[in-house]
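Read the structure below first, then the notes.
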Number of protein chains: 2
Amino acid sequence: MRISKRGEYGLRAMIALAEPAEKSDAPQMMQIKEISLREQISPKFLEQILLTLKNAGLLHSKMGVGGGYYLARSAKEITLGQIFRVLDGPVAPIKCVSQMAYEPCGCPDEETCGLRLAMGDVRNAIANILDNTSLSDVTKRQSAVRKKLGIK
Amino acid sequence: MRISKRGEYGLRAMIALAEPAEKSDAPQMMQIKEISLREQISPKFLEQILLTLKNAGLLHSKMGVGGGYYLARSAKEITLGQIFRVLDGPVAPIKCVSQMAYEPCGCPDEETCGLRLAMGDVRNAIANILDNTSLSDVTKRQSAVRKKLGIK
DNA sequence: TTGAAAGTATACTAGTACTATGGACTTTAT
DNA sequence: ATAAAGTCCATAGTACTAGTATACTTTCAA
């Protein structure tokens with residue numbers, strides 16, 4: 001049930017891009033180097049990931065000197081589910097319960113397949129969290145925890 | 001977030017072994033061939049999986065003619081979580097939120113890492129379902145759906 | 001107008017996990 | 001004794017993962 005490194009790094013990068021944007025309302029621009037340094041990610045690998053995210057319409061970029069990446073929409077409007085699906089594919093643990101990429105799983109009777117019923121619950125539980133958590137929810141929670149711990 | 005084929009097949013096989021046991025109270029014994037035919041699984045692959053499950057103490061077997069596999073405990077006492085963990089490892093989507101196999105994930109500050117907080121929720125949601133659903137819950141639900149649809 | 005900074009686009013690779021398959025061996029009932 | 005059934009171990013193809021490498025384009029500023 002693991003998420004891939006691509007997924008993990010992509011989510012981290014998006015959160016990093018959302019974080020300063022919380023204070024200043026303007027979209028925050030960051031460079032690959034900056035993010036890779038801060039999150040300890042191979043810059044070349046991160047590059048691929050950000051590009052994928054850009055092609056999916058979640059990021060915009062500015063080329064040339066002083067360029068970088070920034071969120072395509074406000075942090076409130078981007079959910080973890082959107083990011084995850086771009087990088088790691090469907091959320092469902094088994095294809096026959098996927099909303100986005102349904103495929104039959106080969107059980108004798110899908111309607112009454114017990115595994116399918118249980119895994120459907122799991123899918124819904126995961127999707128509920130990922131699709132209802134925006135980047136701004138994440139950064140808010142982060143800073144709440146920081147305050148509670150008296151850090152920074 | 002996909003489960004592996006090993007996990008899927010193992011869960012299917014365990015459910016199949018639990019199903020008839022609901023009616024007759026005695027532990028139901030089934031042969032590899034029987035399960036593989038019914039669930040459309042390569043018998044050799046299934047063999048490996050059942051062996052793993054046996055070594056983990058979830059199944060017992062009887063050798064020789066008229067042998068087969070049967071549940072080591074009653075269907076009420078075996079959860080989907082137990083089976084899943086044997087075949088697919090920890091439930092957590094990211095190592096740093098795993099209860100069974102914690103490892104640091106390399107984020108600058110684990111306490112305040114937003115991804116970690118969100119993935120912790122996901123882990124708990126998944127574990128809640130898998131650890132609180134027994135094989136007997138699954139078979140009961142199956143037959144409930146069957147009745148509702150007027151099948152068999 | 002040139003060059004350095006930054007993003008874009010592919011191609012490649014080493015390692016690992018997944019999904020099996022095959023064959024030799026052991027146990028058991030008849 | 002023999003055949004059915006389970007056990008154990010080795011290995012092979014494929015796909016995926018994580019990461020590198022290389023060449024190219026855009027932009028800005030000196």
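Chain letters run A, B, ... following the sequence lines, proteins first, then strands; residues in each count from 1. This is a predicted model, so every value here is computed, not measured.
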Report task. May I ask you to decide whether A:Glu19 forms a salt bridge with A:Lys140, counting only side-chain N to carboxylate O separations under 4.0 Å? Result -> no
**Report entry** Protein-nucleotide distance (B:Gln31, atom CD; C:dT27, atom C1'), rounded to Å
**Finding:** 14 Å
Query raised in the report: Between B:Arg12 and B:Glu8, is there a side-chain N and carboxylate O pair less than 4.0 Å apart?
Result: yes
Query raised in the report: Just to confirm, is there a sub-4.0 Å distance from OP1 or OP2 of C:dT8 to any side-chain nitrogen or oxygen of A:Tyr69?
Result: yes
Query raised in the report: Can you check the B:Glu34 CD to D:dG6 C1' distance for me, whole Å?
Result: 15 Å
Report summary line: Hits for side chain to side chain contact (heavy atoms under 4.5 Å, CB included) against B:Asp121, two or more places apart or cross-chain, chain-then-number order -> A:Ile129, A:Arg141
Report task. Please state how far atom NZ in A:Lys33 lies from atom P in C:dG7, giving the value in whole angstrom units. Result -> 10 Å
Report task. Give every residue pair that meets the salt bridge (charged side-chain N to carboxylate O under 4.0 Å, His left out) criterion with at least one member in residues 127-139 of chain B, sequence neighbours excluded. Result -> B:Arg85-B:Asp131
Requested in this report: Give the rounded distance in Å between these two atoms: CD1 of B:Ile41 and P of C:dC18.
Outcome: 17 Å
Query raised in the report: Among side-chain atoms of B:Asp109 and B:Thr112, is any donor-acceptor pair under 3.5 angstrom?
Result: yes
Query raised in the report: In residues 54-61 of chain B, what residues come within less than 4.0 Å of DNA chain C, judged by heavy atoms?
Result: none
Report task. Hey, could you give me the CD/CD distance between B:Glu111 and A:Gln142, rounded to the nearest 0.5 Å? Result -> 12.5 Å
Query raised in the report: Base, sugar-phosphate, or nothing for B:Leu50, non-hydrogen atoms under 4.0 angstrom?
Result: nothing
Query raised in the report: Just by protein heavy atoms under 4.0 Å, how would nucleotides 17-30 of chain D read 5' to 3' in B, S and -?
Result: -SBBBB--BBBS--
Query raised in the report: Whole Å only: how far is the CG atom of B:Leu51 from the P atom of D:dA10?
Result: 14 Å
**Report entry** A:Ala13: side chain to side chain contact (heavy atoms under 4.5 Å, CB included) partners, not counting sequence neighbours
**Finding:** A:Ile35, A:Leu46, A:Leu50
Query raised in the report: Using a heavy-atom distance cut-off of less than 4.0 Å, which residues of residues 80-93 of chain B contact DNA chain D?
Result: none
